[in-house]
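Accompanying notes for the structure given below.
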Amino acid sequence: MVRFQRLLQNWYSENKRDLPWRRTKNPYKVWLSEIILQQTRVAQGLAYYNKFVYTYPTVSDLAQASEQEVLNLWKGLGYYSRARNLHKTAKEVFNEHGGVFPETYLGLIKLSGVGPYTAAAISSFCFDEAQAVLDGNVFRVLSRIHDHQTPINTTLGMKEFSVLAKAHLNLQDPASYNQAIMEFGALHCKPKNPRCETCPFTLECSALINGTIDLRPQKIKKLKIKKRFFLYIVYTDRASKMVYLKKRTAKDIWHHLFDFYLEEYSSKEELEKAITEDLEIEPVQKTHKLTHQTLHVTFIQKEIKKPLPTDETLKPYSLKSLKNLPIPTLHQKYIEEELGFLG
DNA sequence: AAAGCGGGGTC
DNA sequence: GACCCAGCTTT
């Protein structure tokens, strides 16, 4: 074994976390964990992984659930297209592959929601295929070891780091090697305050030698964060303890999740202009910061007066039934904080 | 090539 | 407030 692989995998054997998806080569469970952990930390995803494995022990169980049930289990985890693709792929594996997962990189990458990273991860972890994973951790570790400054979020950077990743891969044990380099990036070669003083690569880390650790990996510009102004009219019926919701259908944030009645405005002023009537209940205002947009949200709660002054897709739900409906985290918090009287 | 997609954590 | 996280799909 070459020095890099030996030092890396020695570090891994002494420092790796004991995680449930590392105790199995079952491709269903590994796939589940990989989809959940895309853009998600282990601490946040672990409970969801356990819920899914418990509720759907096999891909066939997941395939036979409804999309709404799957979204409800995913509720609060974000990036909901992952859940929709998860369900779609489960149905495909169940209906077209007899419930058996593809066993190669090329077969896996055809699945919805499975891209280059996830296909490399599953094929190497479960089937010992020699595919090098390339995720945020690998980018960071390699960019520092080689002090390589091509921005990672460019086509050229992707290509160059892919070559580097392949060159380092331990062909004898791609599964352990891939786990090792990602775990090393997550626990030791961290984005902030990496533990260079106790690093096994002190002698060969070019960025450490050059004093450029904090500059790696290089990335190009951050995109502008859009501001959106949401006015929610939260219709309630105290007598029957109901709140009115509608399903979101636009290809937008929270696709296929349930929503209050919503009016969107292009500015704070436009939104305020729309609030003309005297309100019995003080509006609740929140700022919801997401990765690519900031939502300035105003909630106005209104007791229903007949006839129902809204569109007919709005339907009443009891507070109790909300447990089984996929609702954004923002809405969940509002309900808990402001609609206690319904329960 | 660029945009869109969540929620939570760290510093 | 900026940046990050076991990325992928759509345009």
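Below, chain A is the first sequence line, B the second, and so on; all start at residue 1. Atoms considered below: every heavy atom in the structure, side chains included; atoms not considered: hydrogens, waters and symmetry mates.
- In this structure Lys29(A) satisfies the side chain to side chain donor-acceptor pair (under 3.5 Å) test with no other residue, sequence neighbours excluded.
- Residue contacts for Gln179(A): at a heavy-atom cut-off of 4.0 Å it reaches a base atom on one of the strands shown.
- Atom CG of Leu156(A) and atom C1' of dA2(B) are 17 Å apart (whole Å).
- Annotation: cation-pi pair Lys51(A)/Tyr48(A) present, NZ/CZ under 6.0 Å from the ring centroid and within 45° of its normal.
- Remark: Leu111(A), Ser112(A), Gly113(A), Val114(A), Gly115(A), Pro116(A), Tyr117(A), Thr118(A) in residues 107-127 of chain A come within less than 4.0 Å of DNA chain C through at least one heavy atom.
- For Asp259(A), the side chain to side chain donor-acceptor pair (under 3.5 Å) partners at least two apart in sequence or on another chain are Tyr232(A), Arg248(A), His331(A).
- Ring planes of Trp31(A) and Phe101(A): tilted class, angle from 30 to 60°.
- Judged by distance alone, with hydrogens and angles left aside, the side-chain atoms of Thr89(A) form no donor-acceptor pair with the main-chain N or O of Leu86(A) at under 3.5 Å.
- The aromatic rings of His146(A) and His168(A) sit tilted, their planes meeting at an angle between 30° and 60°.
- Residue Arg84(A) contributes atom CZ, which lies 16 Å from atom P of dC8(C) at whole-angstrom precision.
- Between dA6(C) and dG4(B), the two P atoms lie 25 Å apart (nearest whole Å).
- Nucleic acid contact class of Lys75(A) (heavy atoms, under 4.0 Å, all strands): none.
- With rounding to whole Å, Ile36(A) atom CD1 is found 15 Å from dC8(C) atom P.
- Using cut-offs of 30° and 60° on the angle between ring planes, the pair Phe299(A) and Tyr334(A) is parallel.
- Between the side chains of Gln179(A) and Arg22(A), at least one donor N or O sits under 3.5 Å from an acceptor N or O.
- Residues from residues 16-34 of chain A with heavy atoms under 4.0 angstrom of DNA chain C, sorted by number: Trp21(A), Arg22(A), Glu34(A).
- Residues satisfying the side chain to side chain donor-acceptor pair (under 3.5 Å) criterion with Thr329(A), sequence neighbours excluded, are absent altogether.
- Aromatic rings of Phe4(A) and Phe201(A) (six-membered ring for Trp) have centroids within the 6.0 Å cut-off, being under it.
- One distance of note links CG of Leu257(A) with CG of Leu71(A); it measures 5.5 Å at 0.5 Å rounding.
- Taking the P atom of each, dG8(B) and dC8(C) are spaced 23 Å apart, rounded to whole Å.
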With sugar-phosphate taken as primed atoms, P, OP1 and OP2 and all else as base, the protein-contact string of nucleotides 5-11 of chain B at under 4.0 Å (heavy atoms; B, S, -) is BBBB--S
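- Atom CG in Leu187(A) sits roughly 18 Å away from atom P in dC4(C) (whole-Å rounding).
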